[in-house]
**Student:** 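Have a look at the structure that comes next, please.
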There are 2 protein chains.
Amino acid sequence: MKTIQHIAREISASGLKVTPQRVAVMQALHKLNHPRAEEIFNEVSGSIPGLSPTTVYNVLDILAGKGMIKKVKTDSGVMRYDAVSDHHHHMYCIDTDRVEDFFDPELDMILQNYFQKKKIEGFKLEDIKLQLMGKFDESEKSKSI
Amino acid sequence: MKTIQHIAREISASGLKVTPQRVAVMQALHKLNHPRAEEIFNEVSGSIPGLSPTTVYNVLDILAGKGMIKKVKTDSGVMRYDAVSDHHHHMYCIDTDRVEDFFDPELDMILQNYFQKKKIEGFKLEDIKLQLMGKFDESEKSKSI
DNA sequence: TTCCTAAAATGGAATAATTACAAATTAGAA
DNA sequence: TTCTAATTTGTAATTATTCCATTTTAGGAA
Ligand SMILES: [Mn+2]
Ligand SMILES: [Mn+2]
Ligand SMILES: [Zn+2]
Ligand SMILES: [Zn+2]
């Protein structure tokens, strides 16, 4: 678990001022699973009275711009945010809006090799994101929220 | 190129009434490259005076529901639509909003084999979509729009 | 053919997520 | 402690999309 100090240092290291709003948003991101801006606002507004939704959007945008967090696009059209900024993929539930991380360096290697041999003409590939669509086991449902 | 008759037959075969609006939307989809609803409206409203934007959304939703077209989510958050309903992936330009189709049965096979061996616990994988992020060659820029 | 009706289209209003912007506040450098 | 650029706030605007009541129409039945 990341401490407030660690988060504060991360923010500062990105050349940003350390504000309670930014720290709290980062904490909420680490606590929640690919939350929407509104969920972050609900989580954070408890500890930061008078927090504005606009601030949440601002903070998320700025943190994403610095590469500290990632934006995750879902099929419903609502933006979701990701505390994990390292390269990874996502599993999407076909029935619900559940999203889970998927790390697989072996697969990444396979894909990298494949596209090293087989270039796409007219396109300079820089990153590959997999959207794994499917269903989470019923027994796992509790993890969803 | 698909004829109006072909399109009409497709619509009818899906159990839908054949209306000028639906045929025109399908034609626009085949003409444009992963267009937004608004682009389709602009394209179609010329031939269908009095067309309502709502109708375009309705038609797109219904065609997508029947599997005749696909919805494509982009990072900007705007929904885009795809006349190609067969399984394929997408190349996204990092700098612009250009999206192009990517077909690769060989790669699909590799992925299928990979996930046949290496199951994901707690998740029943049904479909894999690749988002290929990168840049289209400058010389290819004319193809965008 | 004409009639009928469920399906579809229309248009105006509502919603949801997000953005714009001007004024107030504040982090942190000096 | 002071200062100011950076940040937050709150309200209003925007954008994409959906809702819904009303009107129109496609296509089957008579
Ligand atoms: Mn972090
Ligand atoms: Mn078609
Ligand atoms: Zn993630
Ligand atoms: Zn496509």
Side-chain angles (χ1 to χ4, degrees), chain A residues 4-5 7-26 28 34-66 68-69 71-81 97, chain B residues 4-5 7-26 28 34-66 68-69 71-81 97:
Chain A
I4 293 180
Q5 284 73 21
I7 290 172
R9 229 178 300 122
E10 273 188 327
I11 293 170
S12 197
S14 294
L16 299 172
K17 288 189 178 177
V18 178
T19 66
Q21 291 86 349
R22 284 171 179 172
V23 173
V25 165
M26 279 298 271
H34 301 99
R36 296 174 287 130
E38 194 207 0
E39 296 174 81
I40 295 169
F41 175 79
N42 292 336
E43 176 73 22
V44 172
S45 60
S47 56
I48 314 252
L51 176 71
S52 168
T54 305
T55 299
V56 175
Y57 282 105
N58 279 343
V59 168
L60 290 169
D61 237 40
I62 282 175
L63 297 180
K66 294 290 182 181
M68 297 174 66
I69 68 172
K71 295 188 175 192
V72 180
K73 181 67 41 169
T74 60
D75 270 343
S76 77
V78 198
M79 188 71 77
R80 301 180 67 163
Y81 298 86
D97 60 354
Chain B
I4 293 179
Q5 284 74 22
I7 291 172
R9 229 177 302 122
E10 272 187 328
I11 294 170
S12 196
S14 293
L16 299 172
K17 288 189 179 179
V18 179
T19 67
Q21 291 87 348
R22 284 172 178 173
V23 172
V25 165
M26 278 298 272
H34 301 100
R36 295 175 287 129
E38 194 206 0
E39 297 175 79
I40 295 169
F41 174 80
N42 291 338
E43 176 74 22
V44 171
S45 60
S47 56
I48 314 250
L51 175 71
S52 167
T54 305
T55 299
V56 174
Y57 282 105
N58 279 343
V59 168
L60 290 169
D61 237 39
I62 283 175
L63 296 181
K66 293 291 181 180
M68 298 173 65
I69 68 173
K71 296 187 174 192
V72 181
K73 181 65 43 170
T74 60
D75 271 343
S76 77
V78 198
M79 188 70 78
R80 301 180 67 163
Y81 297 87
D97 60 352

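Letters A, B, ... are given to chains in the order of the sequence lines, protein chains preceding strands, and every chain is numbered from 1.
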**Student:** Which pairs, protein N/O on one side and nucleotides 9-12 of chain D N/O on the other, fall under 3.5 Å?
**Tutor:**
{"unit_1": "dT9(D)", "atom_1": "OP1", "unit_2": "Gln21(A)", "atom_2": "NE2", "d": "3.2"}
{"unit_1": "dT9(D)", "atom_1": "OP2", "unit_2": "Ser52(A)", "atom_2": "N", "d": "3.3"}
{"unit_1": "dT9(D)", "atom_1": "OP2", "unit_2": "Thr55(A)", "atom_2": "OG1", "d": "2.3"}
{"unit_1": "dG10(D)", "atom_1": "OP2", "unit_2": "Gly50(A)", "atom_2": "O", "d": "3.3"}
{"unit_1": "dG10(D)", "atom_1": "N7", "unit_2": "Ser52(A)", "atom_2": "OG", "d": "3.4"}
{"unit_1": "dT11(D)", "atom_1": "O4", "unit_2": "Thr54(A)", "atom_2": "OG1", "d": "3.2"}

**Student:** Scan Ile62(B) against the nucleic acid and name what it touches under 4.0 Å (heavy atoms): base, sugar-phosphate only, or nothing.
**Tutor:** nothing
**Student:** Kindly write out the residues that satisfy side chain to side chain donor-acceptor pair (under 3.5 Å) with Arg36(B), not counting sequence neighbours, or none if the list is empty.
**Tutor:** Glu38(B), Glu39(B)
**Student:** Is the phosphate of dT18(D), meaning OP1 or OP2, less than 4.0 Å from a side-chain N or O of Tyr57(B)?
**Tutor:** no
**Student:** Sequence neighbours excluded and cut-off under 3.5 Å, please list the side-chain donor-acceptor pairs for residues 12-19 of chain A, or say none.
**Tutor:**
{"unit_1": "Ser14(A)", "atom_1": "OG", "unit_2": "Glu10(A)", "atom_2": "O", "d": "3.3"}
{"unit_1": "Thr19(A)", "atom_1": "OG1", "unit_2": "Arg22(A)", "atom_2": "N", "d": "3.1"}

**Student:** Return the residues of residues 37-45 of chain A meeting this criterion: a heavy atom under 4.0 Å from some atom of DNA chain D. Order them by number, or give none.
**Tutor:** none
**Student:** Quick check on the helix from dT1(C)-dA30(D) to dA30(C)-dT1(D): what's the angle between its two end axes, five base pairs per end, to the nearest 10°?
**Tutor:** 30°
**Student:** Set out, line by line, the N/O atom pairs under 3.5 Å between protein and nucleotides 22-25 of chain D.
**Tutor:**
none

**Student:** Calculate the interatomic distance between Lys73(A) atom NZ and dA16(D) atom P; express it in whole Å.
**Tutor:** 12 Å
**Student:** Taking only residues two or more places apart in sequence or in another chain, which ones pass side-chain contact (heavy atoms from CB on, under 4.5 Å) with Thr55(A)?
**Tutor:** Gln21(A), Leu51(A), Ser52(A), Val59(A)
**Student:** Enumerate the side chain to side chain donor-acceptor pair (under 3.5 Å) contacts for residues 40-51 of chain A, please, sequence neighbours excluded, ordered by first and then second residue.
**Tutor:** Lys31(A)-Glu43(A)
**Student:** Assess whether side chain to side chain contact (heavy atoms under 4.5 Å, CB included) is satisfied between Ile69(A) and Met26(A), documenting all intermediate values.
**Tutor:** CA-CA 9 Å; Ile69(A) 68 172; Met26(A) 279 298 271; 3.7 Å; yes
**Student:** Rounded to the Å, how far apart are Arg36(B) CZ and dT15(D) P?
**Tutor:** 11 Å
**Student:** List the residues meeting side chain to side chain donor-acceptor pair (under 3.5 Å) with Lys71(A), not counting sequence neighbours, and say none if there are none.
**Tutor:** Asp61(A)
**Student:** About how many Å separate CZ of Arg80(B) and CD1 of Ile40(B), when rounded to the nearest 0.5 Å?
**Tutor:** 10.0 Å
**Student:** Could you pull out the closest heavy-atom pair between Ala28(B) and Val44(B), with the gap in Å?
**Tutor:** CB-CG2, 3.6 Å
**Student:** Can you give the first and last nucleotides of DNA chain C, 5' to 3', that have an atom under 4.0 Å from a heavy atom of chain A?
**Tutor:** dA17(C) to dG28(C)
